[in-house]
Amino acid sequence: MTMAFKTTHSYLQLPESSFQACQPTPVADAQWIAFNQPLATSLALPETYWLSAEGLSLFSGNQLPDWATPVAQAYAGHQFGHFVPQLGDGRALLLAEFSDEAGQRFDVQLKGSGPTPYSRGGDGRSPLGPVLREYLLSEYMARIGVPTTRALAAVATGESVQRETAEPGAILTRVASSHLRVGSFQFLLAKGDIDGLERLSEFTVQRHYPQLKQIDDDGQRYLALLDAVIEKQVQLVTHWMSIGFIHGVMNTDNTSLSGETIDYGPCAFIDEYRANQVFSFIDKRGRYAYNQQPAILHWNMARLAECLLPLIDNHKETAVQLATDLINAIPQRISAAWLERMGAKIGLNAVRAEDKPLIERLLQSFEQGQVDFTLGFYQLADELNKQTTPAALYADCTDFSGWRDDWQQRLSHSGQPLSEAERTMRACNVRRIPRNHQIQAVIEAAYTDGDLRPFNALHAALQDPFATAPEFDPFDQPPAAPQRVTNTFCGT
(Lines give C-alpha, C1' and ligand atoms only; values in the text may rest on other atoms or scores of the structure.)
Protein backbone atom coordinates (compact mmCIF):
# COMPACT_ATOMS: atom_id res chain seq x y z
CA MET A 1 0.00 0.00 0.00
CA THR A 2 1.32 3.44 -0.91
CA MET A 3 1.91 5.70 2.08
CA ALA A 4 0.86 9.35 2.09
CA PHE A 5 3.79 11.72 2.08
CA LYS A 6 4.50 15.42 1.77
CA THR A 7 7.38 17.31 0.28
CA THR A 8 8.47 20.92 0.55
CA HIS A 9 11.33 22.96 -0.89
CA SER A 10 12.06 25.72 1.58
CA TYR A 11 15.49 26.37 0.05
CA LEU A 12 13.70 28.24 -2.71
CA GLN A 13 12.92 30.97 -0.14
CA LEU A 14 16.59 31.98 -0.06
CA PRO A 15 18.15 34.68 -2.26
CA GLU A 16 17.91 33.78 -5.94
CA SER A 17 21.70 33.92 -6.23
CA SER A 18 21.92 30.96 -3.84
CA PHE A 19 20.77 28.42 -6.43
CA GLN A 20 19.96 27.82 -10.07
CA ALA A 21 17.24 25.60 -11.49
CA CYS A 22 18.62 22.68 -13.45
CA GLN A 23 17.36 19.35 -14.76
CA PRO A 24 19.26 16.06 -14.46
CA THR A 25 20.69 14.57 -17.63
CA PRO A 26 19.00 11.24 -18.50
CA VAL A 27 21.16 8.12 -18.51
CA ALA A 28 21.31 5.28 -21.01
CA ASP A 29 20.59 2.16 -18.99
CA ALA A 30 19.75 2.67 -15.31
CA GLN A 31 20.15 -0.39 -13.08
CA TRP A 32 19.70 -0.81 -9.34
CA ILE A 33 22.77 -1.09 -7.11
CA ALA A 34 21.20 -0.59 -3.69
CA PHE A 35 18.14 0.87 -2.00
CA ASN A 36 17.93 1.82 1.68
CA GLN A 37 14.49 0.57 2.60
CA PRO A 38 14.69 1.40 6.36
CA LEU A 39 15.63 5.00 5.55
CA ALA A 40 12.85 5.20 2.96
CA THR A 41 10.37 3.95 5.55
CA SER A 42 11.48 6.56 8.08
CA LEU A 43 10.93 9.25 5.43
CA ALA A 44 7.48 7.86 4.61
CA LEU A 45 8.59 7.45 1.02
CA PRO A 46 5.89 5.63 -0.97
CA GLU A 47 6.46 1.92 -1.43
CA THR A 48 6.12 2.43 -5.18
CA TYR A 49 9.73 3.67 -5.10
CA TRP A 50 11.12 0.59 -3.40
CA LEU A 51 13.20 -1.15 -6.05
CA SER A 52 10.52 -0.35 -8.63
CA ALA A 53 10.69 0.99 -12.17
CA GLU A 54 9.24 4.26 -10.89
CA GLY A 55 11.95 4.49 -8.26
CA LEU A 56 14.65 3.65 -10.79
CA SER A 57 13.44 6.49 -13.03
CA LEU A 58 13.51 8.90 -10.07
CA PHE A 59 16.90 7.92 -8.64
CA SER A 60 18.57 7.90 -12.07
CA GLY A 61 17.15 11.32 -12.89
CA ASN A 62 15.48 9.94 -16.01
CA GLN A 63 11.96 10.96 -14.98
CA LEU A 64 11.29 13.14 -11.95
CA PRO A 65 7.90 13.23 -10.22
CA ASP A 66 5.83 16.40 -9.98
CA TRP A 67 6.99 17.11 -6.44
CA ALA A 68 10.66 17.46 -7.46
CA THR A 69 12.00 20.96 -8.20
CA PRO A 70 15.68 20.33 -8.91
CA VAL A 71 18.16 23.10 -8.16
CA ALA A 72 21.93 23.28 -7.89
CA GLN A 73 23.11 25.15 -4.81
CA ALA A 74 25.69 27.92 -4.96
CA TYR A 75 28.46 28.24 -2.40
CA ALA A 76 32.04 29.40 -2.10
CA GLY A 77 34.83 27.79 -0.11
CA HIS A 78 38.38 27.65 1.10
CA GLN A 79 39.93 24.68 -0.67
CA PHE A 80 43.17 23.70 1.03
CA GLY A 81 43.28 27.23 2.45
CA HIS A 82 42.72 29.05 -0.86
CA PHE A 83 39.47 30.96 -1.25
CA VAL A 84 37.30 30.33 -4.31
CA PRO A 85 34.37 32.80 -4.41
CA GLN A 86 32.08 30.53 -6.43
CA LEU A 87 31.98 26.75 -6.35
CA GLY A 88 28.49 25.26 -6.09
CA ASP A 89 26.96 21.89 -6.86
CA GLY A 90 28.82 20.82 -9.96
CA ARG A 91 27.29 17.35 -10.08
CA ALA A 92 24.41 17.40 -7.59
CA LEU A 93 20.78 18.50 -7.64
CA LEU A 94 18.58 19.17 -4.63
CA LEU A 95 15.14 17.74 -5.46
CA ALA A 96 12.96 18.53 -2.45
CA GLU A 97 12.58 17.99 1.29
CA PHE A 98 10.92 15.12 3.13
CA SER A 99 9.96 14.86 6.78
CA ASP A 100 10.74 11.77 8.82
CA GLU A 101 8.52 10.05 11.40
CA ALA A 102 9.53 12.63 14.03
CA GLY A 103 8.73 15.57 11.77
CA GLN A 104 12.37 16.48 11.11
CA ARG A 105 13.02 17.81 7.61
CA PHE A 106 15.60 16.30 5.24
CA ASP A 107 16.97 17.25 1.84
CA VAL A 108 16.90 14.67 -0.94
CA GLN A 109 19.66 15.18 -3.49
CA LEU A 110 20.89 13.39 -6.61
CA LYS A 111 24.68 13.20 -6.82
CA GLY A 112 26.25 12.46 -10.18
CA SER A 113 23.16 13.41 -12.20
CA GLY A 114 24.89 15.48 -14.89
CA PRO A 115 26.30 18.96 -15.44
CA THR A 116 24.93 22.03 -13.68
CA PRO A 117 25.62 25.76 -14.06
CA TYR A 118 28.39 25.27 -11.47
CA SER A 119 30.16 22.34 -13.16
CA ARG A 120 33.02 24.54 -14.39
CA GLY A 121 33.57 22.39 -17.45
CA GLY A 122 33.08 19.08 -15.65
CA ASP A 123 30.74 16.32 -16.78
CA GLY A 124 28.64 16.36 -13.61
CA ARG A 125 28.86 12.60 -13.34
CA SER A 126 30.24 10.24 -10.74
CA PRO A 127 32.16 7.01 -11.26
CA LEU A 128 30.78 3.90 -9.60
CA GLY A 129 33.64 3.67 -7.07
CA PRO A 130 32.91 6.89 -5.16
CA VAL A 131 29.20 6.00 -5.05
CA LEU A 132 29.92 2.59 -3.50
CA ARG A 133 32.37 4.20 -1.06
CA GLU A 134 29.93 6.89 0.10
CA TYR A 135 27.07 4.43 0.43
CA LEU A 136 29.13 2.10 2.65
CA LEU A 137 30.80 4.80 4.73
CA SER A 138 27.83 7.08 5.33
CA GLU A 139 25.56 4.21 6.35
CA TYR A 140 28.26 2.83 8.65
CA MET A 141 28.66 6.22 10.32
CA ALA A 142 24.90 6.43 10.84
CA ARG A 143 24.94 2.94 12.34
CA ILE A 144 27.53 3.88 15.00
CA GLY A 145 25.90 7.21 15.83
CA VAL A 146 28.16 9.67 14.02
CA PRO A 147 26.11 12.56 12.56
CA THR A 148 26.18 12.10 8.80
CA THR A 149 24.43 12.42 5.49
CA ARG A 150 22.69 9.21 4.46
CA ALA A 151 22.50 7.08 1.32
CA LEU A 152 18.97 6.42 0.11
CA ALA A 153 19.69 4.80 -3.24
CA ALA A 154 22.47 3.98 -5.68
CA VAL A 155 21.98 3.21 -9.36
CA ALA A 156 24.32 2.40 -12.22
CA THR A 157 23.93 4.58 -15.31
CA GLY A 158 25.01 2.17 -18.02
CA GLU A 159 27.43 4.84 -19.23
CA SER A 160 31.16 5.35 -18.88
CA VAL A 161 32.69 8.26 -17.02
CA GLN A 162 36.07 9.41 -18.23
CA ARG A 163 38.62 10.06 -15.52
CA GLU A 164 42.20 8.81 -15.89
CA THR A 165 40.53 5.87 -17.62
CA ALA A 166 36.95 5.10 -18.54
CA GLU A 167 34.99 4.01 -15.46
CA PRO A 168 31.40 2.81 -15.04
CA GLY A 169 29.06 5.60 -13.97
CA ALA A 170 26.61 5.73 -11.08
CA ILE A 171 24.30 8.12 -9.20
CA LEU A 172 23.86 8.34 -5.44
CA THR A 173 20.71 9.71 -3.82
CA ARG A 174 21.85 11.50 -0.67
CA VAL A 175 19.71 12.52 2.29
CA ALA A 176 20.86 15.24 4.71
CA SER A 177 19.41 17.44 7.42
CA SER A 178 20.39 20.13 4.94
CA HIS A 179 23.19 20.83 2.50
CA LEU A 180 24.02 24.21 4.04
CA ARG A 181 27.75 24.74 4.44
CA VAL A 182 30.11 27.37 5.74
CA GLY A 183 30.72 28.02 2.06
CA SER A 184 27.03 28.95 1.64
CA PHE A 185 27.67 31.93 3.91
CA GLN A 186 31.00 32.74 2.31
CA PHE A 187 29.33 32.93 -1.10
CA LEU A 188 26.93 35.67 0.01
CA LEU A 189 29.61 37.55 1.96
CA ALA A 190 31.87 37.59 -1.11
CA LYS A 191 28.98 39.14 -3.06
CA GLY A 192 28.46 41.75 -0.34
CA ASP A 193 24.88 40.53 0.11
CA ILE A 194 24.28 41.30 3.80
CA ASP A 195 20.51 40.99 3.43
CA GLY A 196 21.05 37.56 1.90
CA LEU A 197 23.33 36.60 4.80
CA GLU A 198 20.59 37.55 7.25
CA ARG A 199 18.01 35.51 5.36
CA LEU A 200 20.36 32.53 5.24
CA SER A 201 21.10 32.86 8.97
CA GLU A 202 17.39 32.94 9.83
CA PHE A 203 16.84 29.95 7.56
CA THR A 204 19.61 28.06 9.37
CA VAL A 205 18.14 28.92 12.78
CA GLN A 206 14.70 27.76 11.65
CA ARG A 207 16.02 24.55 10.11
CA HIS A 208 18.63 23.43 12.64
CA TYR A 209 18.53 25.55 15.79
CA PRO A 210 14.90 26.55 16.41
CA GLN A 211 15.62 27.00 20.13
CA LEU A 212 17.46 30.19 19.19
CA LYS A 213 14.29 31.83 17.83
CA GLN A 214 13.39 32.90 21.35
CA ILE A 215 16.39 35.26 21.43
CA ASP A 216 14.83 38.61 20.51
CA ASP A 217 18.05 40.54 19.93
CA ASP A 218 19.19 39.81 16.37
CA GLY A 219 22.89 40.19 17.07
CA GLN A 220 22.75 37.92 20.10
CA ARG A 221 20.80 35.35 18.08
CA TYR A 222 23.44 35.25 15.36
CA LEU A 223 26.21 35.05 17.96
CA ALA A 224 24.32 32.15 19.53
CA LEU A 225 24.08 30.57 16.06
CA LEU A 226 27.86 30.69 15.75
CA ASP A 227 28.19 29.15 19.19
CA ALA A 228 25.73 26.36 18.32
CA VAL A 229 27.49 25.49 15.06
CA ILE A 230 30.84 25.43 16.87
CA GLU A 231 29.46 22.95 19.40
CA LYS A 232 28.09 20.69 16.65
CA GLN A 233 31.44 20.71 14.87
CA VAL A 234 33.39 20.09 18.08
CA GLN A 235 31.26 17.05 18.85
CA LEU A 236 31.49 15.79 15.27
CA VAL A 237 35.25 16.09 14.83
CA THR A 238 36.09 14.64 18.25
CA HIS A 239 33.78 11.74 17.40
CA TRP A 240 35.79 11.24 14.21
CA MET A 241 39.00 11.28 16.22
CA SER A 242 37.70 8.66 18.64
CA ILE A 243 37.05 6.16 15.83
CA GLY A 244 40.20 6.87 13.82
CA PHE A 245 38.39 8.58 10.95
CA ILE A 246 40.13 11.03 8.61
CA HIS A 247 37.80 13.15 6.50
CA GLY A 248 40.57 14.05 4.10
CA VAL A 249 39.18 17.28 2.69
CA MET A 250 37.84 19.55 5.42
CA ASN A 251 37.37 22.53 3.15
CA THR A 252 34.81 25.13 4.25
CA ASP A 253 32.49 23.97 1.46
CA ASN A 254 32.54 20.52 3.11
CA THR A 255 31.73 21.86 6.60
CA SER A 256 28.01 21.53 7.25
CA LEU A 257 25.94 23.89 9.40
CA SER A 258 23.99 20.90 10.73
CA GLY A 259 27.12 19.26 12.15
CA GLU A 260 26.85 16.24 9.86
CA THR A 261 29.67 14.46 8.06
CA ILE A 262 29.34 15.41 4.41
CA ASP A 263 31.23 14.49 1.23
CA TYR A 264 32.95 11.12 1.56
CA GLY A 265 35.69 11.70 -0.99
CA PRO A 266 39.27 10.80 -0.01
CA CYS A 267 38.26 9.85 3.54
CA ALA A 268 39.59 6.78 5.34
CA PHE A 269 39.88 4.99 8.66
CA ILE A 270 43.30 4.49 10.21
CA ASP A 271 44.69 0.96 10.31
CA GLU A 272 48.05 1.07 12.12
CA TYR A 273 47.93 4.18 14.27
CA ARG A 274 49.96 7.18 13.18
CA ALA A 275 49.05 10.58 14.57
CA ASN A 276 49.92 12.42 11.36
CA GLN A 277 48.33 9.88 9.03
CA VAL A 278 47.24 11.20 5.62
CA PHE A 279 45.51 9.19 2.90
CA SER A 280 44.22 11.83 0.50
CA PHE A 281 46.42 11.83 -2.61
CA ILE A 282 45.96 15.58 -3.09
CA ASP A 283 46.83 16.50 0.52
CA LYS A 284 50.54 16.75 -0.15
CA ARG A 285 51.32 18.88 2.92
CA GLY A 286 49.15 17.05 5.44
CA ARG A 287 46.74 19.95 6.00
CA TYR A 288 43.93 17.50 6.76
CA ALA A 289 45.95 14.79 8.51
CA TYR A 290 44.32 12.88 11.38
CA ASN A 291 45.92 15.02 14.10
CA GLN A 292 45.30 18.28 12.23
CA GLN A 293 41.51 17.94 12.15
CA PRO A 294 40.89 19.83 15.42
CA ALA A 295 43.01 22.76 14.20
CA ILE A 296 41.16 22.82 10.87
CA LEU A 297 37.84 22.78 12.71
CA HIS A 298 39.07 25.86 14.60
CA TRP A 299 40.11 27.54 11.34
CA ASN A 300 36.83 26.74 9.58
CA MET A 301 34.77 28.17 12.42
CA ALA A 302 36.80 31.38 12.24
CA ARG A 303 35.75 31.64 8.58
CA LEU A 304 32.09 31.24 9.57
CA ALA A 305 32.54 33.92 12.24
CA GLU A 306 33.81 36.32 9.58
CA CYS A 307 30.59 35.82 7.64
CA LEU A 308 28.41 36.55 10.66
CA LEU A 309 30.25 39.68 11.84
CA PRO A 310 27.98 42.12 9.94
CA LEU A 311 24.96 40.56 11.66
CA ILE A 312 26.35 40.26 15.19
CA ASP A 313 26.82 44.00 15.75
CA ASN A 314 26.76 47.19 13.69
CA HIS A 315 30.06 48.20 15.29
CA LYS A 316 32.73 46.06 13.68
CA GLU A 317 35.06 46.21 16.68
CA THR A 318 32.33 44.97 19.01
CA ALA A 319 31.32 42.19 16.62
CA VAL A 320 34.93 41.08 16.22
CA GLN A 321 35.47 40.95 19.98
CA LEU A 322 32.29 38.94 20.61
CA ALA A 323 33.08 36.45 17.87
CA THR A 324 36.76 36.25 18.82
CA ASP A 325 35.87 35.24 22.36
CA LEU A 326 33.96 32.25 20.99
CA ILE A 327 36.65 31.33 18.46
CA ASN A 328 39.45 31.54 21.04
CA ALA A 329 37.57 29.14 23.32
CA ILE A 330 37.38 26.41 20.67
CA PRO A 331 40.62 24.60 21.60
CA GLN A 332 39.42 24.19 25.18
CA ARG A 333 36.07 22.88 23.97
CA ILE A 334 37.77 20.42 21.65
CA SER A 335 40.08 19.24 24.40
CA ALA A 336 37.18 18.62 26.79
CA ALA A 337 35.11 16.75 24.19
CA TRP A 338 38.11 14.70 23.03
CA LEU A 339 38.96 13.78 26.62
CA GLU A 340 35.41 12.60 27.30
CA ARG A 341 35.26 10.41 24.20
CA MET A 342 38.76 8.98 24.57
CA GLY A 343 38.28 8.48 28.30
CA ALA A 344 35.24 6.32 27.59
CA LYS A 345 37.36 4.21 25.24
CA ILE A 346 39.54 3.19 28.19
CA GLY A 347 36.57 2.70 30.52
CA LEU A 348 36.50 6.00 32.41
CA ASN A 349 32.96 7.16 33.12
CA ALA A 350 34.11 10.25 34.98
CA VAL A 351 37.16 11.47 33.12
CA ARG A 352 39.36 14.23 34.55
CA ALA A 353 41.83 16.64 33.00
CA GLU A 354 44.63 14.69 34.69
CA ASP A 355 43.69 11.65 32.59
CA LYS A 356 44.87 13.24 29.36
CA PRO A 357 48.54 12.12 29.74
CA LEU A 358 47.35 8.55 30.36
CA ILE A 359 45.38 8.53 27.11
CA GLU A 360 48.20 10.18 25.18
CA ARG A 361 50.67 7.58 26.49
CA LEU A 362 48.47 4.81 25.14
CA LEU A 363 48.29 6.44 21.72
CA GLN A 364 52.05 6.92 21.70
CA SER A 365 52.45 3.26 22.63
CA PHE A 366 50.15 2.26 19.78
CA GLU A 367 52.15 4.35 17.33
CA GLN A 368 55.49 3.01 18.52
CA GLY A 369 54.21 -0.58 18.36
CA GLN A 370 52.33 -0.09 15.06
CA VAL A 371 49.08 -1.25 16.66
CA ASP A 372 45.85 -1.23 14.71
CA PHE A 373 43.79 1.65 16.11
CA THR A 374 40.42 -0.14 16.03
CA LEU A 375 41.54 -3.53 17.33
CA GLY A 376 43.90 -1.91 19.83
CA PHE A 377 40.98 -0.31 21.61
CA TYR A 378 38.56 -3.17 20.99
CA GLN A 379 40.85 -5.74 22.65
CA LEU A 380 41.81 -3.43 25.50
CA ALA A 381 38.84 -4.60 27.55
CA ASP A 382 40.48 -8.04 27.74
CA GLU A 383 43.42 -6.42 29.56
CA LEU A 384 41.23 -4.86 32.28
CA ASN A 385 42.25 -7.12 35.15
CA LYS A 386 45.14 -8.93 33.54
CA GLN A 387 48.55 -9.27 35.20
CA THR A 388 50.20 -11.67 32.76
CA THR A 389 51.93 -10.90 29.47
CA PRO A 390 49.83 -8.58 27.31
CA ALA A 391 48.06 -9.97 24.27
CA ALA A 392 50.13 -10.44 21.12
CA LEU A 393 48.54 -7.33 19.59
CA TYR A 394 50.53 -5.18 22.03
CA ALA A 395 53.75 -7.23 21.89
CA ASP A 396 55.78 -4.53 20.14
CA CYS A 397 54.62 -1.72 22.45
CA THR A 398 57.56 -1.27 24.80
CA ASP A 399 55.59 0.85 27.29
CA PHE A 400 52.32 -1.09 27.24
CA SER A 401 52.82 -3.17 30.41
CA GLY A 402 53.71 -0.09 32.45
CA TRP A 403 50.81 1.80 30.95
CA ARG A 404 48.44 -1.05 31.78
CA ASP A 405 49.53 -0.99 35.42
CA ASP A 406 48.88 2.76 35.65
CA TRP A 407 45.54 2.38 33.88
CA GLN A 408 44.36 -0.37 36.20
CA GLN A 409 45.43 1.72 39.20
CA ARG A 410 43.47 4.69 37.82
CA LEU A 411 40.37 2.52 37.43
CA SER A 412 40.71 1.10 40.94
CA HIS A 413 40.94 4.61 42.38
CA SER A 414 37.85 5.73 40.45
CA GLY A 415 35.60 3.56 42.58
CA GLN A 416 33.72 2.19 39.58
CA PRO A 417 33.48 -1.61 39.24
CA LEU A 418 35.57 -3.16 36.49
CA SER A 419 32.37 -4.60 35.04
CA GLU A 420 31.09 -1.06 34.56
CA ALA A 421 34.34 0.00 32.90
CA GLU A 422 34.09 -2.98 30.57
CA ARG A 423 30.51 -2.09 29.60
CA THR A 424 31.63 1.44 28.79
CA MET A 425 34.48 0.17 26.61
CA ARG A 426 32.38 -2.44 24.82
CA ALA A 427 29.79 0.21 24.01
CA CYS A 428 32.14 2.63 22.26
CA ASN A 429 34.97 0.48 20.85
CA VAL A 430 33.82 -1.12 17.63
CA ARG A 431 35.18 -4.39 16.34
CA ARG A 432 34.68 -3.57 12.68
CA ILE A 433 35.26 -0.53 10.44
CA PRO A 434 35.09 0.05 6.67
CA ARG A 435 38.75 -0.62 5.98
CA ASN A 436 40.41 0.92 2.93
CA HIS A 437 41.54 -2.38 1.44
CA GLN A 438 38.10 -3.91 1.82
CA ILE A 439 36.42 -0.98 0.09
CA GLN A 440 39.02 -1.18 -2.67
CA ALA A 441 38.26 -4.89 -3.11
CA VAL A 442 34.54 -4.10 -3.37
CA ILE A 443 35.20 -1.48 -6.05
CA GLU A 444 37.54 -3.75 -8.02
CA ALA A 445 34.94 -6.54 -8.05
CA ALA A 446 32.26 -4.14 -9.26
CA TYR A 447 34.57 -2.73 -11.95
CA THR A 448 35.97 -6.02 -13.16
CA ASP A 449 32.81 -8.01 -13.80
CA GLY A 450 29.94 -6.05 -12.26
CA ASP A 451 29.95 -8.29 -9.19
CA LEU A 452 28.13 -6.53 -6.33
CA ARG A 453 28.21 -9.49 -3.94
CA PRO A 454 31.35 -8.20 -2.16
CA PHE A 455 29.61 -4.81 -1.76
CA ASN A 456 26.52 -6.43 -0.25
CA ALA A 457 28.61 -8.65 2.04
CA LEU A 458 30.67 -5.74 3.38
CA HIS A 459 27.56 -3.61 3.84
CA ALA A 460 25.93 -6.40 5.85
CA ALA A 461 29.02 -6.81 8.05
CA LEU A 462 29.18 -3.07 8.73
CA GLN A 463 25.58 -2.91 9.90
CA ASP A 464 26.56 -4.65 13.14
CA PRO A 465 30.08 -3.39 13.89
CA PHE A 466 30.18 -4.94 17.38
CA ALA A 467 29.02 -8.45 16.42
CA THR A 468 31.25 -11.49 16.59
CA ALA A 469 30.13 -13.87 13.87
CA PRO A 470 32.14 -16.31 11.73
CA GLU A 471 30.80 -14.81 8.50
CA PHE A 472 32.09 -11.40 9.56
CA ASP A 473 35.57 -12.52 10.64
CA PRO A 474 37.24 -11.66 7.29
CA PHE A 475 36.06 -8.07 7.63
CA ASP A 476 37.65 -7.65 11.07
CA GLN A 477 41.20 -8.14 9.90
CA PRO A 478 43.69 -5.32 9.21
CA PRO A 479 45.33 -5.42 5.79
CA ALA A 480 48.37 -7.54 5.14
CA ALA A 481 51.30 -5.59 3.71
CA PRO A 482 50.38 -6.21 0.03
CA GLN A 483 46.78 -5.15 0.71
CA ARG A 484 47.51 -1.75 2.22
CA VAL A 485 45.91 1.24 0.56
CA THR A 486 48.09 4.29 1.06
CA ASN A 487 46.26 6.80 -1.15
CA THR A 488 42.60 7.70 -1.48
CA PHE A 489 41.11 9.90 -4.16
CA CYS A 490 38.24 12.36 -4.41
CA GLY A 491 36.73 10.60 -7.39
CA THR A 492 35.04 13.64 -8.92
Side-chain angles (χ1 to χ4, degrees), residues 7-28 30 57-79 82-97 107-127 130-131 134 149 155 157 159 161-163 169-176 178-193 195-197 199-200 203-204 207 249 251-257 262-263 265 307 490-492:
T7 62
T8 55
H9 209 321
S10 60
Y11 196 83
L12 302 181
Q13 302 167 11
L14 290 173
E16 292 182 2
S17 63
S18 296
F19 58 89
Q20 292 194 50
C22 181
Q23 292 295 320
T25 303
V27 302
S57 293
L58 164 62
F59 299 124
S60 65
N62 278 358
Q63 185 174 354
L64 298 184
D66 293 341
W67 51 258
T69 308
V71 299
Q73 294 175 292
Y75 44 84
H78 276 89
Q79 299 196 312
H82 302 287
F83 184 64
V84 183
Q86 180 170 301
L87 294 167
D89 289 331
R91 59 173 181 154
L93 290 174
L94 176 60
L95 300 183
E97 298 157 12
D107 289 353
V108 176
Q109 181 195 68
L110 297 182
K111 187 175 179 182
S113 53
T116 78
Y118 308 113
S119 293
R120 293 170 292 169
D123 60 14
R125 292 304 191 186
S126 174
V131 168
E134 181 158 349
T149 60
V155 299
T157 64
E159 300 174 349
V161 176
Q162 189 64 39
R163 295 299 181 256
I171 297 173
L172 179 79
T173 300
R174 183 164 69 183
V175 173
S178 83
H179 287 83
L180 298 175
R181 313 147 188 265
V182 172
S184 306
F185 286 75
Q186 291 181 299
F187 174 76
L188 293 171
L189 182 66
K191 293 174 66 68
D193 187 356
D195 177 68
L197 274 173
R199 289 169 63 184
L200 180 59
F203 182 86
T204 305
R207 186 73 175 262
V249 60
N251 296 330
T252 54
D253 54 293
N254 292 335
T255 303
S256 71
L257 271 292
I262 188 170
D263 286 336
C307 298
C490 184
T492 57

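Heavy-atom basis, side chains included; hydrogens, waters and symmetry copies ignored.
- Minimum interatomic distance between T116 and A72 (heavy atoms only, all atoms of both residues): CB-CB, 3.9 Å.
- When atom types are taken as modelled, the side chain of D263 and the backbone of N254 share no donor-acceptor pair closer than 3.5 angstrom.
- Residue Q63 places its CD atom among 12 or fewer non-hydrogen atoms of other residues, nucleotides or ligands, all under 6.0 Å distant.
- Ring-plane geometry between F203 and Y11 is classed as perpendicular, the angle between the planes exceeding 60 degrees on a 0 to 90 degree scale with a lower cut at 30.
- For the pair A76 and V84, the tightest heavy-atom approach, listed with the atom from each and the gap, is CB-O, 3.3 Å.
- Side chain of T252 to backbone of H78: a donor-acceptor contact under 3.5 angstrom is found.
- Two residues are said to be in side-chain contact when any heavy atoms from C-beta on lie closer than 4.5 Å; L188 and L200 meet this criterion.
- Under the 3.5 Å distance criterion, the side-chain polar atoms of H9 are matched with a main-chain donor or acceptor of T69.
- A 4.5 Å side-chain heavy-atom check between D253 and Q186 finds every atom pair outside the cut-off.
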Report task. Dump the intermediate steps for side-chain contact (heavy atoms from CB on, under 4.5 Å) on L58 and L64, then the final yes or no. Result -> CA-CA 5 Å; L58 164 62; L64 298 184; 3.9 Å; yes

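- In this structure, D89 contributes its side chain and Q73 its backbone to a donor-acceptor pair below 3.5 Å.
- K111 NZ to H179 NE2: the interatomic distance, rounded to the nearest 0.5 Å, is 8.0 Å.
- Checked by atom type and distance alone, the side chain of T8 never pairs as donor or acceptor with a backbone atom of S10 at under 3.5 Å.
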Report task. May I have the step-by-step check of side-chain contact (heavy atoms from CB on, under 4.5 Å) for S178 and L257, ending in yes or no? Result -> CA-CA 8 Å; S178 83; L257 271 292; 5.5 Å; no

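- Side-chain atoms of R199 come within 3.5 Å of backbone atoms of Q13 as a donor-acceptor pair (strictly under, hydrogens ignored).
- Taking both residues in full, the closest heavy atoms of T25 and R125 are given as O-NH2, 2.8 Å, listed atom of the first, atom of the second, then distance.
- The OG1 atom of T255 sits 12.5 Å away from the CG atom of L180 when rounded to the nearest 0.5 Å.
- Residues P26 and E159 share a closest heavy-atom pair of O-OE2, 4.0 Å.
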